[in-house]
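Have a look at the structure below, then the notes.
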Number of protein chains: 2
Amino acid sequence: MPNYGDELDAVLRALADPTRRAVVERLSRSPAVVSELAAPFAMALPSLMQHLRVLEDAGVVTSEKQGRVRTVSLRPGALDVLHLWLGEQRTPAERQADRLGLHLTRSAPKDT
Amino acid sequence: MPNYGDELDAVLRALADPTRRAVVERLSRSPAVVSELAAPFAMALPSLMQHLRVLEDAGVVTSEKQGRVRTVSLRPGALDVLHLWLGEQRTPAERQADRLGLHLTRSAPKDT
DNA sequence: GCCATAGTTAGGCATATGCCTAACTATGGC
DNA sequence: GCCATAGTTAGGCATATGCCTAACTATGGC
């Protein structure tokens, strides 16, 4: 029973914010420059930068600056810790369902 | 590209705390009564209860009170949203590695 | 050299979060 | 009936978090 500890904690904290998740989703398609990443959001640049910093500190993304442009990319393997931890917590039945490609409907959502 | 939205957000926020994660880990073995769950922690009961409430509001756990005892259990399928989302973010290479049972070592850890 | 572009740094502010104590309610046991 | 046990409710408090503005630095282009 490994103890992913701090790393897992940092990753989960990083992903626990909608803005940061949106950034990750964007980056899962391809690397992007800071201003591209900031574009979809209403917030000021410095605010977005803070989010990027959290993601980078958590090891979820990496970035490199060339000239005055900073390119950010998803860090390969960064989400492995989470994936592993998740695997341990989910029930055998849930894992089985995955393998079969099933995804049971959750209990009644608000709409209907 | 589904939008798990609020549900995913609630789950991630819930898991972004070490205490709550520890509770989830404990419950992944078996359901437990509130006082059992509280035992390992140094914090006051009301504090632990707040954590339980966050987990329950996020749909991660359910609880039922019989007499004066409340039994808490992991809610089946509760972590599916996270699992699905994770699957979308991870690279094809990472998924491949999973299937092969490989888990690449992350960048140098503190120990060695 | 000068202006525009792409980030950065610094400082501030309101709300959210995690924890605590005190006091209370609802069973269970004898 | 009375005490113990298992939670709950209410209120408070310090720190963390997310966002902002103002001001500044470092290229790139002409």
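Fair warning: this is a prediction, and the values are worked out from it, not measured in the lab. Residue numbers start from 1 in every chain, and the chains themselves are labelled A, B, ... in the order their sequence lines are given, proteins ahead of strands.
- Here the nucleotide nearest the side chain of Arg20(B), chosen from dG18(C), dG7(D), dT9(D), is dG18(C).
- In this structure, CD of Glu56(B) is placed 13 Å from P of dG7(D), rounded to the nearest angstrom.
- One finds the CH2 atom of Trp85(A) at 11.0 Å from the CG atom of Leu86(B) (value rounded to the nearest 0.5 Å).
- Here the side chain of Pro46(B) is nearest to one of dT9(C), dG7(C), dT21(C), namely dT21(C).
- The side chain of Ala44(A) has dT21(D) as its nearest neighbour among dA6(C), dT21(D), dT9(D).
- Remark: Leu74(A) CG to Glu25(A) CD distance equals 11.0 Å, nearest 0.5 Å.
- Rounded to an integer number of Å, the gap from Arg70(B) CZ to dT27(C) P is 12 Å.
- In this structure, Leu12(A) atom CG and dT17(D) atom P are separated by 14 Å, rounded to whole Å.
- Remark: Leu15(A) CG to Leu82(A) CG distance equals 6.0 Å, nearest 0.5 Å.
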Sequence neighbours left out, cut at 3.5 Å: what donor-acceptor pairs do the side chains of residues 41-54 of chain A make with other protein atoms?
from     : atom 1 : to       : atom 2 : distance (Å)
His51(A) : ND1    : Arg20(A) : NH1    : 3.0

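- Using a 4.0 Å heavy-atom cutoff across all strands shown, Arg53(B) reaches no nucleic acid atom at all.
- Nucleic acid contact class of Arg13(A) (heavy atoms, under 4.0 Å, all strands): sugar-phosphate only.
- Here the P atom of nucleotide dA26(C) and the CD atom of Gln66(B) are 18 Å apart, to the nearest Å.
- Side chain of Asp17(B), nearest nucleotide from dG18(D), dA6(D), dG18(C): dG18(C).
- The backbone N or O of Val34(B) sits nowhere less than 3.5 Å from a side-chain atom of Arg70(B) that would complete a donor-acceptor pair.
- Scanning all heavy atoms of the two residues, the minimum distance from Ala16(A) to Ala16(B) falls at CB-CB, 3.9 Å.
- One can place CG of Leu52(A) at 12 Å from P of dC19(D), the figure rounded to the nearest angstrom.
- Listed nucleotides: dT27(C), dC19(C), dG7(D). Nearest to the side chain of Arg68(B): dT27(C).
- Not one side-chain nitrogen or oxygen of Ser47(B) sits closer than 4.0 Å to the OP1 or OP2 atom of dG18(C).
- Residue-to-nucleotide proximity on DNA chain D shows that, of Leu45(B) and Met43(A), the 5′-proximal contact is made by Leu45(B).
- Note: CG (Leu48(A)) to C1' (dG7(C)) measures 12 Å, nearest angstrom.
- Residue Ser35(B) is in sugar-phosphate contact alone, with no base atom involved, counting any heavy-atom pair closer than 4.0 Å across all strands shown.
- Positionally, the nearest nucleotide of DNA chain C for Thr71(A) lies more toward the 5' end than for the other of Thr71(A) and Gln50(A).
- As judged by a 4.0 angstrom heavy-atom cut-off over every strand, Val54(A) is placed among residues making no nucleic acid contact.
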Discussion item. Reading 5' to 3' and counting Watson-Crick or G-U wobble pairs with both distances under 3.5 Å, write the dot-bracket notation for DNA chain C, | for bases paired outside the strand.
Written reply: ||||||||||||||||||||||||||||||
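- One atom, CG of Asp57(A), and another, C1' of dT17(D), lie 14 Å apart when rounded to the nearest Å.
- Lys65(B) places its NZ atom 12 Å from the C1' atom of dT9(D), with the value rounded to the nearest Å.
- In this structure, Glu36(B) and Gly67(A) both approach DNA chain D, and ranking their closest nucleotides by distance from the 5' end singles out Glu36(B).
- Of all the heavy atoms in Arg21(A) and Leu8(B), the pair that sits closest is NE-CD2, 3.9 Å.
- Two residues are said to be in side-chain contact when any heavy atoms from C-beta on lie closer than 4.5 Å; Glu56(B) and Val61(B) meet this criterion.
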